[in-house]
J.: 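Starting off with a structure, shown below.
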Amino acid sequence: MIKNDLFLRVLNGEATSRPPVWMMRQAGRYLPEYIKIREKYDFFTRCQTPELASEITIQPIRRYGMDAAILFSDILVIPQAMNIEVQMVPNVGPVIPNPVRSLKDLDQVIIPEVNESLGYVFDAIKMTKEKLEGQVPLIGFAGSPWTLLCYIVQGRGSKVFELAKQFCFNEPEAAHLLLDKLTETTIEYLKGKIKAGADVIQLFDSWGGILSPEDYLKYSWPYLNRIIDALEDQVPVIMYGKGCWFAMNEFNKSKASAIGIDWTCAPKTARSLVDSKRVLQGNLDPSYLLSNPTLITNKVNQMIGEFGHQHYIVNLGHGITPKTPLDNVKAFFDTVKNYQALEV
Ligand code: 1CP
């Protein structure tokens with residue numbers, strides 16, 4: 001039993017007196033208690049050790065009492081399990097020393113037995129659920145196949161991922177084979193996460209917005225939709241695509257329970273593009289959290305007013321940035337928790 005089930009009730013289409021709130025990347029770099037753990041253990045040790053991953057997951061809940069927890073992990077554990085080496089280099093980010101650039105490079109890429117190679121994630125979920133004692137629901141997540149391809153082909157982070165696009169345009173057959181392998185692995189992985197206790201799944205298409213609408217429908221959306229369909233009737237799925245509002249019609253037609261958007265789409269525009277009871281999530285520009293509590297409170301209230309407090313989950317438009325002051329984060333959560341609707 002989950003004591004605070006506000007988040008789940010909204011995802012199930014119920015009306016509530018205030019919207020639930022959580023924050024993308026809430027488990028991590030802006031928290032001093034996380035930085036302490038980071039000083040002792042490297043990134044993948046933190047992900048692979050259930051005691052550490054569950055502790056980091058719960059740290060923000062302890063401090064702020066938001067309405068959902070999100071498991072500390074990373075989208076790149078999937079390529080790792082598929083026999084693609086991934087390093088997390090401090091101050092650089094993810095590095096793939098042997099990126100996939102041709103059909104031949106795909107020979108080494110396996111579809112893993114997820115219980116063997118990703119069992120540590122399932123163990124982390126079980127331990128987190130025990131430690132949460134039913135306080136709030138737990139979100140599990142995965143990156144979209146396209147967003148994973150970006151890293152696997154480019155070899156590191158980028159703003160444009162031109163090598164990833166070049167690969168798709170020059171070697172579409174290889175690109176689709178890689179996307180297919182990623183999709184199959186992601187489906188088994190997410191089913192494992194749900195079996196271990198994840199109450200909700202969020203899909204992150206962080207780099208979907210760098211594709212043209214036409215290419216999005218070729219290289220990203222069909223694979224995401226396959227994942228959403230495969231999880232139907234299991235748990236609610238939130239489809240977050242950064243810069244992807246051009247695909248809102250597809251998201252709206254899909255079986256996703258909620259659509260996450262970033263700040264480049266105005267709340268009223270988003271509402272006009274979807275069915276009236278569609279659950280939307282987002283979309284404060286995370287840079288507002290670098291301003292001051294008064295401005296944050298005003299912006300959050302304005303945002304709730306524009307989305308409407310029903311069928312809505314308050315969140316940022318993308319992840320919180322590392323140097324965010326803790327009092328500003330508190331103002332963000334307190335504003336939502338104190339929100340009084342004029343009518344239910
Ligand atoms: O030392 C550190 O702490 C490294 C920073 C870090 C953290 C805290 C990385 C490396 N990953 C994470 C955790 C993480 N990653 C979570 C934790 C749960 C949470 O609190 O939300 C999640 C959901 C992710 C997902 C993730 N990783 C995404 C999708 C979400 C998004 O923000 O768009 C992406 C694109 C990544 C790749 C990645 N991992 C880490 C970094 C620095 C990056 C981005 C690199 C880049 O800019 O390309």
Side-chain angles (χ1 to χ4, degrees), residues 22-48 52-61 63-64 66 68-80 86-96 99 121 124-125 128 136 138-161 163-164 186 189-190 193 198 200-210 220 224 238-244 260-263 281-283 286 315-324 329:
W22 68 284
M23 204 169 64
M24 288 190 274
R25 299 297 198 102
Q26 70 189 23
R29 303 162 294 174
Y30 66 103
L31 284 177
E33 52 271 39
Y34 172 78
I35 291 169
K36 261 199 187 156
I37 294 185
R38 186 171 68 179
E39 280 162 5
K40 278 207 206 145
Y41 307 95
D42 70 52
F43 184 75
F44 285 114
T45 303
R46 276 174 263 146
C47 293
Q48 288 163 5
L52 296 177
S54 59
E55 165 61 21
I56 297 169
T57 301
I58 288 173
Q59 283 177 344
I61 306 292
R63 192 183 267 269
Y64 296 114
M66 54 283 273
I70 179 162
L71 183 74
F72 177 79
S73 183
D74 199 81
I75 60 170
L76 296 168
V77 300
I78 290 226
Q80 250 183 355
V86 181
Q87 299 166 353
M88 198 58 78
V89 181
N91 304 319
V92 174
V95 173
I96 288 84
V121 180
I125 289 179
T128 305
V136 287
L138 178 63
I139 305 167
F141 66 89
S144 77
W146 159 253
T147 290
L148 293 176
L149 179 148
C150 282
Y151 291 99
I152 293 169
V153 176
Q154 189 80 21
R156 56 177 61 220
S158 162
K159 287 199 170 74
V160 286
F161 288 99
L163 298 177
T186 302
Y189 174 61
L190 291 177
K193 277 189 161 176
V200 172
I201 296 295
Q202 173 152 318
L203 298 171
F204 284 92
D205 200 0
S206 306
W207 297 111
I210 65 171
S220 191
L224 277 164
I238 304 171
M239 171 58 223
Y240 166 78
K242 182 161 188 295
C244 298
I261 57 173
D262 70 274
W263 60 94
Q281 174 180 280
N283 71 343
N315 206 314
L316 302 175
H318 198 197
I320 180 173
T321 55
K323 294 205 170 113
T324 304
V329 181

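Values reported hereafter were calculated over all heavy atoms of this structure, with side chains retained and with hydrogens, waters and symmetry mates removed. Whatever order the structure lists them in is the order used to number ligands and atoms, beginning at 1. Note that this is a predicted model, so its numbers are computed, not measured.
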J.: Measure the distance from atom 6 (C) of ligand 1 to every protein heavy atom, then report the residue, atom name and distance (to 0.1 Å) of the closest one.
T.: Phe43 CE1, 3.6 Å
J.: Taking the non-hydrogen atoms of Arg156, is any one of them nearer than 4.0 angstrom to ligand 1?
T.: no
J.: Within the structure, does His318 bring an N/O atom to less than 3.5 angstrom of an N/O atom in ligand 1?
T.: yes
J.: Does the side chain of Tyr30 come within less than 4.5 Å of Pro60's, by heavy atoms?
T.: yes
J.: Give the single entry among Trp22, Phe141, Phe44 that approaches atom 23 (C) of ligand 1 most closely by any heavy atom.
T.: Phe141
J.: Please confirm whether Ala27 approaches ligand 1 to less than 4.0 Å, judged on its heavy atoms.
T.: yes
J.: Looking only at heavy atoms, is any part of Leu71 under 4.0 Å from ligand 1, and if so is it the side chain, the backbone, or both, or is it neither?
T.: backbone
J.: In the protein, which heavy atom is nearest to atom 11 (N) of ligand 1, and how far is it?
T.: Asp74 OD1, 2.7 Å
J.: Got the closest protein heavy atom to atom 35 (C) of ligand 1, with its distance?
T.: Tyr151 OH, 3.3 Å
J.: For the residue pair Lys242 and Phe204, would you count it as a cation-pi contact if the rule is NZ or CZ under 6.0 angstrom from the ring centre and within 45 degrees of the ring axis?
T.: no
J.: Between Tyr240 and His318, what is the ring plane arrangement, given parallel below 30°, perpendicular above 60°, and tilted in between?
T.: parallel
J.: Could you check atom 28 (C) of ligand 1 against the protein and tell me its nearest heavy-atom contact, residue, atom and distance included?
T.: Arg25 NH2, 3.5 Å
J.: Just need the protein heavy atom nearest to atom 17 (C) of ligand 1, so name the residue and atom and give the distance.
T.: Ser73 O, 3.8 Å
J.: Among protein heavy atoms, which sits nearest to atom 8 (C) of ligand 1, and what does the distance come to when rounded to 0.1 Å?
T.: Tyr34 OH, 3.6 Å
J.: May I ask which of Met23, Met88, Lys159 has a heavy atom nearer to atom 10 (C) of ligand 1 than the others do?
T.: Met88
J.: To which of Gly319, Ser158, Pro94, Cys150 does the heavy atom nearest atom 45 (C) of ligand 1 belong?
T.: Pro94
